[in-house]
Amino acid sequence: MARPLKKTVSLSAIKHNYHVAKKLHPKSKAFAVVKANAYGHGAVAVAKYLDSTVDAFAVAAIEEALELRKAGVESPIMLLEGVFEAEEWSLCEQYGLWSAVENESQINAFFMANVQIEKLFVKVDIGMHRLGVDPGEAPNLVEQLNHSKRVGEVLLMSHFSCADNLSSNTTSEQLAVFNQVSSLCPEVSASVANSAAVLKWDIPEGGWIRPGIMLYGISPFDGITGEQLGLQVAMKFTSEIISLRVIQKGDKVGYAGSFEAQKEERIATIAVGYGDGYPRNAINGTPVLVNGVVCTLAGRVSMDMITVNVTHVPDITLGSRVELWGDLLPVEEVASLASTIGYELVTRMTSRPKIQYS
Ligand SMILES: Cc1ncc(COP(=O)(O)O)c(C=O)c1O
């Protein structure tokens, strides 16, 4: 027997969500962003399933790309952060990888390496100040790379810092900076949009979009769920009740006794904890579905267990089914009660919950 904890991933939901992104921007090609183990959904399984559907995949670093190539994934794969070491350029050539270039050391190493790369994306810093060359340097760099004759196509790329905030002017301002650079690089395609920009901003059409979180049915926006955006939730994180007890008024539950019963209550212990990726800072009152009924976390999250108030749920037994997040309980809602975002909850899950694909 094993702990009854699992994540069930719907691959067809991820494909559906990819098509949602494509339909919003029919003139653009679309990367499927599968970095960080496809945001916790299993990069190899997701990429193999989508291999004949997507225009290309995007990952953070070469290790992630090579894992996919070794599993037989054939679509183009792009390195969003570029190479970390000069030797990686020859692997890019060997495995047909595309790459961002964003700093002098990557660019010098490219010019030193005697390689031919199909597509390079010159990343421009339009105000996030995390990666990218200055806007003023980009047109010259595009020209130099084109002149080298060692790149099949040179493109421009950037990333917004506030696209998830629909009431901020920052995205329009950053887009104006990008458009100015673009206008100095005629005929050069562009890639600027993450999920938030794909879903809600007026972005240049015709280049490459880069949806990540939306592929998994999770919203990039505060207070809006993936489902409300027309997405299908891909991951269901489930477990079971492993112990049950009735406690009396004044009894305390869990480490530090942070939940105190106000009357006689029924408490269920569930096999999941922070050692599996359930957030330790989820507060008392965080929703948990037991037999489909909304219950609430009662007491501190332990490494392997949580305790939940199930007083109002009929027909509870050991083995009753629990949804921690999924299509009936949005991960965004759990995340906000743990002072984080859906992105973090799915990407930081540990290897303990078994994955099943449906
Ligand atoms: C450069 C880049 N593009 C696209 C994405 C996908 O973003 P999202 O998951 O918000 O769609 C990311 C994710 O962090 C990224 O770093």
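One-based numbering along the sequence shown. Indexing begins at 1, ligand by ligand and atom by atom, following the structure's order. Only a predicted model underlies this, so the values are computations on that prediction, with no experimental measurement involved.
The nearest heavy-atom contact from the protein to atom 11 (O) of ligand 1 is Ser195 OG, 2.5 Å. Remark: minimum distance from atom 7 (O) of ligand 1 to any protein heavy atom is reached at Asn194 CB, 3.4 Å. Of the protein's non-hydrogen atoms, Arg210 NE, 2.8 Å is the one closest to atom 3 (N) of ligand 1. Of the protein's non-hydrogen atoms, the one nearest atom 2 (C) of ligand 1 is His159 CE1, 3.4 Å.
The shortest separation from a heavy atom of Met214 to ligand 1 is not under 4.0 Å, leaving the residue out of contact. Ligand 1 lies within reach of Tyr343, whose nearest heavy atom is under 4.0 Å from it.
Heavy-atom contacts of Tyr39 reach the following atoms of ligand 1: 6 (C), 7 (O), 8 (P), 9 (O), 13 (C) (cutoff under 4.0 Å). With ligand atoms numbered from 1 in the order given, ligand 1 contributes 12 (C), 13 (C), 14 (O), 15 (C), 16 (O) to contacts under 4.0 Å with heavy atoms of Lys35. Less than 4.0 angstrom separates some heavy atom of Ile213 from each of these atoms of ligand 1: 8 (P), 9 (O), 11 (O).
Between the side chains of Thr317 and Asp315, not a single donor N or O lies within less than 3.5 Å of an accepting N or O. For the 3.5 Å distance criterion, the side chains of Glu333 and Thr225 fail to qualify, holding no donor opposite an acceptor.
For Gln116 (side chain) and Lys149 (main-chain N/O), a donor-acceptor pair under 3.5 Å exists by modelled atom type.
Between Lys123 and ligand 1, no N or O atom pair is found at a separation short of 3.5 Å. In terms of polar-atom proximity, Leu80 is not counted as a contact of ligand 1, lacking any N or O under 3.5 Å from an N or O of the ligand.
Partners of Phe237 under the ring-ring contact (aromatic ring centres under 6.0 Å, His included) rule, at least two apart in sequence or in another chain, are Trp325. Contacts of Asp276 classified as salt bridge (Lys or Arg N to Asp or Glu O under 4.0 Å), with partners at least two apart in sequence or in another chain: Arg3, Arg352.
Across every non-hydrogen atom of Asp55 and Tyr18, the tightest pair is N-OH, 3.0 Å. For the pair Lys200 and Leu229, the tightest heavy-atom approach, listed with the atom from each and the gap, is CE-CD2, 4.0 Å.
No option in Asn165, Thr171, Thr170 other than Thr170 meets the side-chain hydrogen bond (donor to acceptor under 3.5 Å, both in side chains) test with Ser168.
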